[in-house]
Number of protein chains: 2
Amino acid sequence: MPYDPSAFPPFAVTVDLVVLTVRRHALCALAVRRGEPPYQGRWALPGGFVRGDEDLTTAAARELAEETGLHAHDPAGPVLANAAHLEQLATYGDPKRDPRMRVVSVAHLALAPDLPAPRPGGDARSVRWAPVEDLLDQEVGYGRDGEQVTPLAFDHAQILADGVERARSKIEYSSLATAFCPQEFTVGELRRVYEAVWGVALDPRNFHRKVTGTPGFLVPTGGTTTRQGGRPAQLFRAGGATLLNPPMLRPEA
Amino acid sequence: MPYDPSAFPPFAVTVDLVVLTVRRHALCALAVRRGEPPYQGRWALPGGFVRGDEDLTTAAARELAEETGLHAHDPAGPVLANAAHLEQLATYGDPKRDPRMRVVSVAHLALAPDLPAPRPGGDARSVRWAPVEDLLDQEVGYGRDGEQVTPLAFDHAQILADGVERARSKIEYSSLATAFCPQEFTVGELRRVYEAVWGVALDPRNFHRKVTGTPGFLVPTGGTTTRQGGRPAQLFRAGGATLLNPPMLRPEA
DNA sequence: CCTGTTTATCGTCAGGAAGACGACTATGAT
DNA sequence: ATCATAGTCGTCTTCCTGACGATAAACAGG
């Protein structure tokens, strides 16, 4: 394949973001409202074009920062307060996925703690956190304020579903669930993350035994807190371990 | 983002293939020799441009068929003799990964049984199966015939490493290892697949208990065969189950 | 102050799965 | 006949999990 610009068709390349967080015991995703056709007025995943001199991950981190103010977590860099986990998810390139032109979208998955000030972007009406089950509802779904939130534009329902499935399976065998937690958190808060992402109830005693017994998963900080009423809980931060062995088992049924 | 062709830079989009098989107890990948610059004469992964009206998976399947004669396995279609598992792996888009122009490559992973007639493509000198450890050797590596096979062109060493890691982890919790086997195979042959992919030795008795005790993994065909000398073994084919629960545990250390 | 409620944490017990490994079986090679 | 090679069946111990009782430390309300 010699270098011949006419030998290949030009593509537009975008990054789309599945940004997940846990709010009020529910797994939520970031959605933006489209201002122009196609799919004008419909909700979509945040994203944008990759620039000519930009790496894919860089483009995803830039879009993430623009939409949420979150920084992608750099393992080599300093520990940031507003850091989110960011990884590539999959690439979607159906010739008809965008009616305007041939667009290949490299979807990324970001996991973020619940933002203390949930002010993603400047325009509150055009960006929102929505429970993923509302966004993925097969029937027409409505948000808390009664606004229609589905179906998502383009193939974004498929992308979101893939991202949710990736998150659900990845917290089984990695310590990624801590990406949904603030820097310091309790075992109960971590358990509620698992419960929200998986949509199941977990036994608090067995969960406590499992996470505290896995070396490198949690590091006690020494402090204690009462955040939900009840007995104060120990505070932990994420340990260095990234892989959980043996994994956290997701209840079947 | 209104439709404005000048608002985004054009990209070339390619598919690259990590085609893996098990030959002579070693995990091998398909490599092609480059005929033109850049990296002329170096080995690379097979791949090519995505056509203007083509889905990414379709493009990968087309390249796979062109290079190997293998068909991508379609779960809805008939059972083909020369069927390989094909899935998207990851996308690589560093601005400098191709010195000629901006190329985004959507890498795919294919798993194939050892071909009875290992004649991939027409030109035997330009296509070969090479053990992945030779291709990934940090030092300059040489193939069986003493020919230099590393370093691979472009970022293909990274792509290959990612594909190998995907295969290694995926056979843990799925029945994907059967994709390396012919339609009918013995427990011992399946075990040698695991041993080759993971590079470890497994206990034949525990392995036998595990795979025959997992419902839906293996279906006995009734026949028996002696392929390696020794007592004849039962023949099986892959069952319908795709997920292994509990998973096959990869020995640590 | 006392009691009930909530959340956290520790302990116990039975069942299942896996690693280590002995034993037996059915072929081919010498 | 004997040995080597592979396949298959069992046993035993250990570890992990799920189910669940019990205790601890906070708060709310009478």
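Treat the numbers as computed from the prediction; the structure is a model and nothing was measured. Order of the sequence lines fixes the chain letters, A, B, ..., with proteins taken first and strands second; residue numbering starts at 1 for each chain.
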Legend entry - Nucleotide dC15(D), atom C1' - distance to CG of Leu249(B) in whole Å: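 For the pair Leu249(B) CG and dC15(D) C1', the rounded distance is 12 Å.
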Legend entry - Atom-pair distance (CZ on Arg250(A); C1' on dC16(D)), nearest Å: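 Atom-to-atom, Arg250(A) to dC16(D), this comes out as 19 Å.
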Legend entry - Minimum heavy-atom distance Asp16(B)-His156(B), with the two atoms named: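 Smallest interatomic distance, heavy atoms only, reads OD2-NE2, 3.3 Å.
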Legend entry - Leu235(B) CG to dA6(D) C1', straight-line distance once rounded to whole Å: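 To the nearest whole Å, that distance equals 14 Å.
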Inset, instruction - Would you classify Arg227(A) as touching base, sugar-phosphate or nothing, given that sugar-phosphate means primed atoms plus P, OP1 and OP2, and contacts are heavy atoms under 4.0 Å? - result: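 Counting heavy atoms under 4.0 Å across all strands, no contact is made by Arg227(A).
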Inset, instruction - For Arg231(A) and dA22(D), give me the distance from atom CZ to atom P, rounded to whole Å. - result: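 Computing the Arg231(A):CZ to dA22(D):P distance gives 17 Å.
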Inset, instruction - Search all heavy atoms of Val127(B) against all heavy atoms of Leu30(B) and return the closest pair with its distance. - result: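 Val127(B) and Leu30(B) have their closest heavy atoms at CG1-CD1, 3.7 Å.
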Legend entry - Length of the CG-C1' vector between Leu202(A) and dC20(D), whole Å: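 Rounding to the nearest Å, CG of Leu202(A) and C1' of dC20(D) are 16 Å apart.
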Inset, instruction - Please evaluate the base of dG18(D) for a donor-acceptor partner in the side chain of Arg209(A) within a cut-off of under 3.5 Å? - result: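 Donor-acceptor pair under 3.5 Å: yes.
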Legend entry - Residue met sooner reading DNA chain D from 5', once Gly229(A) and Val187(B) are mapped to nucleotides: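 That would be Val187(B).
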Legend entry - Contact boundaries on DNA chain C for chain B, cut-off under 4.0 Å to non-hydrogen atoms: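 Contact boundaries, 5' end first: dA17(C) to dT27(C).
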Legend entry - Main-chain N/O of Glu189(B) paired with Thr186(B) side-chain donor or acceptor, under 3.5 Å: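 Confirmed, Thr186(B) side chain pairs with Glu189(B) backbone.
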Legend entry - Flag side-chain contact, heavy atom, 4.5 Å: Leu27(A) against Trp198(A):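 No, every pair of side-chain atoms sits at 4.5 Å or beyond.
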Inset, instruction - Whole angstrom is fine here: how far is it from CE in Met248(A) over to C1' in dG18(D)? - result: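 Nearest whole value for this atom pair: 14 Å.
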Legend entry - Between dA19(D) (C1') and Phe207(A) (CZ): distance, integer Å: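 In whole Å, dA19(D) C1' lies 17 Å from Phe207(A) CZ.
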Inset, instruction - Map Gly230(A) and Thr226(B) onto DNA chain C by nearest heavy atom, then report which one ends up closer to the 5' terminus. - result: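 That would be Gly230(A).
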Legend entry - Glu195(B) CD - dA6(D) C1' separation (whole Å):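 Result: 13 Å.
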Legend entry - Below 4.0 Å: OP1/OP2 of dC16(D) and any side-chain N or O of Lys210(A):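 Looking at the OP1 and OP2 atoms of dC16(D), neither is under 4.0 Å from any side-chain N or O of Lys210(A).
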Inset, instruction - Check whether any side-chain heavy atom of Val106(B) sits under 4.5 Å from a side-chain heavy atom of His108(B), and report yes or no. - result: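 When only atoms from C-beta onward are counted, His108(B) and Val106(B) do touch, with a gap below 4.5 Å.
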Legend entry - Closest-nucleotide 5' rank along DNA chain C - winner of Ala233(A) and Asn206(A):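 Per heavy-atom nearest nucleotide, the more 5' residue is Ala233(A).
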Inset, instruction - May I ask you to decide whether Arg128(B) forms a salt bridge with Asp145(B), counting only side-chain N to carboxylate O separations under 4.0 Å? - result: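 Between Asp145(B) and Arg128(B) there is a salt bridge, with a charged N closer than 4.0 Å to a carboxylate O.
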Legend entry - Shortest non-hydrogen separation from Leu109(B) to Leu89(B) and the atoms involved: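 Result for this residue pair: N-CB, 4.1 Å.
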Inset, instruction - Please confirm whether any donor atom in the side chain of Arg205(B) sits under 3.5 Å from an acceptor in the base of dG10(D), or the reverse. - result: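 Between dG10(D) and Arg205(B), which were checked side chain against base, a qualifying N/O pair under 3.5 Å is absent.
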